[in-house]
Structures are given as C-alpha cells and as structure tokens.
Amino acid sequence: AGPAESGKTTLLASLYAQFHSGMFGEYLFAASQTLVGFEKRCHLARRSSGRDAPDTERTRRTDRSETQPMLHLAVRKIGTACSCDLLFTDIYGEAFRLAADSTEDCRRLGVLHRADHVAVLIDGKKLVSLPHRQEAFTSAESLIRSCLDAGMMDKSSQVQILLSKWDLVLPALGDSRTNDFIDGKKAGKTPYSGVFPL
C-alpha cells in the first residue's frame with residue numbers, strides 16, 4: 001500500500017526478479033500462476049525494452065472499485081519439500097490516497113481487511129526532499145489511521161512500514177537534518193513502530 005509512484009509495483013517486480021538469480025534469502029522459486037503479470041511489470045527494467053534507464057510501468061486505474069489485481073508467487077524454503085503460496089496486490093496509488101482521505105473509500109479496499117500482512121510504503125525520494133519529507137510520512141500515517149477508523153485493520157493486524165528507493169536515501173544519511181527527522185519518526189512520534197529500508 002502507498003501513494004502513486006512510491007515504488008509498490010517496483011517492489012513486486014524486484015521480488016520476482018531476485019529469483020532469476022537463484023534463491024532469495026532462504027527461499028527458492030517454486031511456481032507462479034501469474035508469470036505473465038510479473039514479466040510485464042519487469043519488462044521496462046530490462047535491456048530488451050530498449051530503454052536507456054530502467055523503469056516500471058505505473059499500475060493502471062481500474063474502473064471497478066472491487067477489482068483488485070493479484071499476483072501469485074509460490075516459494076519453497078531450502079531443505080523443505082512444501083511450498084508456500086503468496087498473493088500480492090498491485091493496486092494503483094490513487095486508490096490508497098482516496099482510502100487515506102475517506103473511510104468509505106477505505107472500505108472499498110476489502111483486501112486490506114483480508115490480508116495476513118500489510119506493507120505500507122514510504123517514498124524515499126520524498127523523504128530526502130526537505131519540502132516533501134513530512135508528506136512522505138503523513139500519507140502513510142493517514143492511510144493507517146483511515147484503515148483503523150474504517151475497521152479494515154485492528155490491533156492484531158500485521159503491518160510493516162517499508163522505506164522505498166533506499167538508493168536515494170543512503171547518500172542523504174550524512175545530512176544531520178535527515179538523520180534527526182528519521183530518528184524522530186522511529187522514536188515513536190508516529191503511530192507505527194519503525195521504518196525498515198529496502
């Protein structure tokens with residue numbers, strides 16, 4: 001979950017692409033019922049796309065609010081015979097902005113209520129920009145508050161806050177203002193417990 005261009009689709013494509021090099025962590029690729037969907041999301045980041053710089057196609061807005069695209073990935077932990085099926089959403093960012101602003105729109109994202117885990121992305125590019133850094137956290141905070149108010153999440157929900165575009169954040173960590181800002185957020189000045197870089 002996250003606003004437009006925060007890196008949601010890129011994250012999904014990157015997870016899938018990791019398995020092209022072999023195992024990822026302690027896991028191996030086992031299967032996928034949505035290989036074409038993953039390949040489409042990876043295409044613009046490959047040389048075969050003919051682009052000078054890697055990119056990810058933005059998720060298209062769907063006409064029906066109940067349409068929530070899913071991607072399937074089965075993985076198997078090394079040393080085990082059983083695989084684990086994972087389903088990921090790939091919902092356009094504007095839907096999450098609307099959900100953050102309205103509990104009614106939030107309730108339309110029924111997948112949030114059914115999810116075992118919810119990852120909320122904070123845009124690292126905005127984080128390192130002085131005029132936009134507060135907005136980066138506020139959008140995540142507003143979405144989580146709206147989900148709680150709409151009953152889409154509760155105290156038992158498994159929520160992870162992910163900081164995307166770490167390659168842009170890392171050089172800025174030498175700036176004391178950036179460090180102080182991130183440390184302040186991690187220290188509990190937000191309703192969530194921590195920021196974890198990708």
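These numbers come from a predicted model, not from an experiment. Hydrogens, waters and symmetry mates are skipped; everything else that's a heavy atom, side chains included, is used.
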Participant: Throw together a table of side-chain donor-acceptor distances under 3.5 angstrom for residues 69-80, partners on residues two or more places apart or in other chains.
Facilitator:
residue, atom, partner, partner atom, Å
His72, ND1, Gln33, N, 2.9
His72, NE2, Asp85, OD1, 2.8
Arg76, NH1, Thr80, O, 2.9
Lys77, NZ, Glu26, OE1, 3.4
Thr80, OG1, Lys77, O, 2.6

Participant: Parallel under 30°, tilted from 30 to 60°, perpendicular over 60°: which one fits the rings of Tyr16 and Phe38?
Facilitator: parallel
Participant: Output all residues satisfying side-chain hydrogen bond (donor to acceptor under 3.5 Å, both in side chains) with Ser156, sequence neighbours left out; order by chain, then residue number.
Facilitator: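 Result, side-chain hydrogen bond (donor to acceptor under 3.5 Å, both in side chains) vs Ser156: Asp154.
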Participant: Hey, is the main chain of Asp105 close enough, under 3.5 Å, to the side chain of Ser102 for a donor-acceptor pair?
Facilitator: yes
Participant: Hydrophobic clusters here meaning ILVMFWY residues chained together by side-chain heavy-atom distances under 4.5 Å, can you tell me if Leu173 and Leu168 are in one?
Facilitator: no
Participant: Short question: side chain of Ser6, backbone of Pro3 - any donor-acceptor pair under 3.5 Å?
Facilitator: yes
Participant: Verify, without hydrogens or angle tests, whether Ser83 (side chain) and Ala30 (backbone) share a donor-acceptor contact under 3.5 angstrom.
Facilitator: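 No, Ser83 side chain to Ala30 backbone: no donor-acceptor pair under 3.5 Å.
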Participant: As an exercise, state the distance from CG of Asp123 to CG of Leu162, rounded to the nearest 0.5 Å.
Facilitator: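 One finds 12.5 Å between CG of Asp123 and CG of Leu162.
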Participant: For Glu135, which residues count as a side chain to side chain contact (heavy atoms under 4.5 Å, CB included) partner, sequence neighbours excluded?
Facilitator: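 With neighbours one apart ignored, the set is Lys126, His132.
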Participant: Would you kindly confirm whether Phe29 and Leu12 end up in one hydrophobic cluster when ILVMFWY residues are joined by side chain heavy atoms under 4.5 Å apart?
Facilitator: yes
Participant: Among all residues two or more places apart in sequence or in another chain, which pass the side chain to side chain contact (heavy atoms under 4.5 Å, CB included) test with Asp116?
Facilitator: none
Participant: Can you list every pair that meets salt bridge (charged side-chain N to carboxylate O under 4.0 Å, His left out) and has a residue in residues 10-20, with sequence neighbours left out?
Facilitator: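 Matches after skipping sequence neighbours: none remain.
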Participant: Is it true that Arg97 and Asp101 make a salt bridge, defined as a side-chain N closer than 4.0 Å to a carboxylate O?
Facilitator: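 Looking at Asp101 together with Arg97, the answer is yes, because their closest N to O distance falls below 4.0 Å.
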Participant: Please list, chain by chain and in numerical order, all residues satisfying side chain to side chain contact (heavy atoms under 4.5 Å, CB included) with Ser146, sequence neighbours excluded.
Facilitator: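 Side chain to side chain contact (heavy atoms under 4.5 Å, CB included) list for Ser146, sorted by chain: Thr103, Cys106.
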Participant: Thinking salt bridges, do Lys8 and Asp90 make one under a 4.0 Å N-O criterion?
Facilitator: no
Participant: Could you work out, with side-chain hydrogen bond (donor to acceptor under 3.5 Å, both in side chains) as the rule, every residue matching Glu104, not counting sequence neighbours?
Facilitator: Arg108
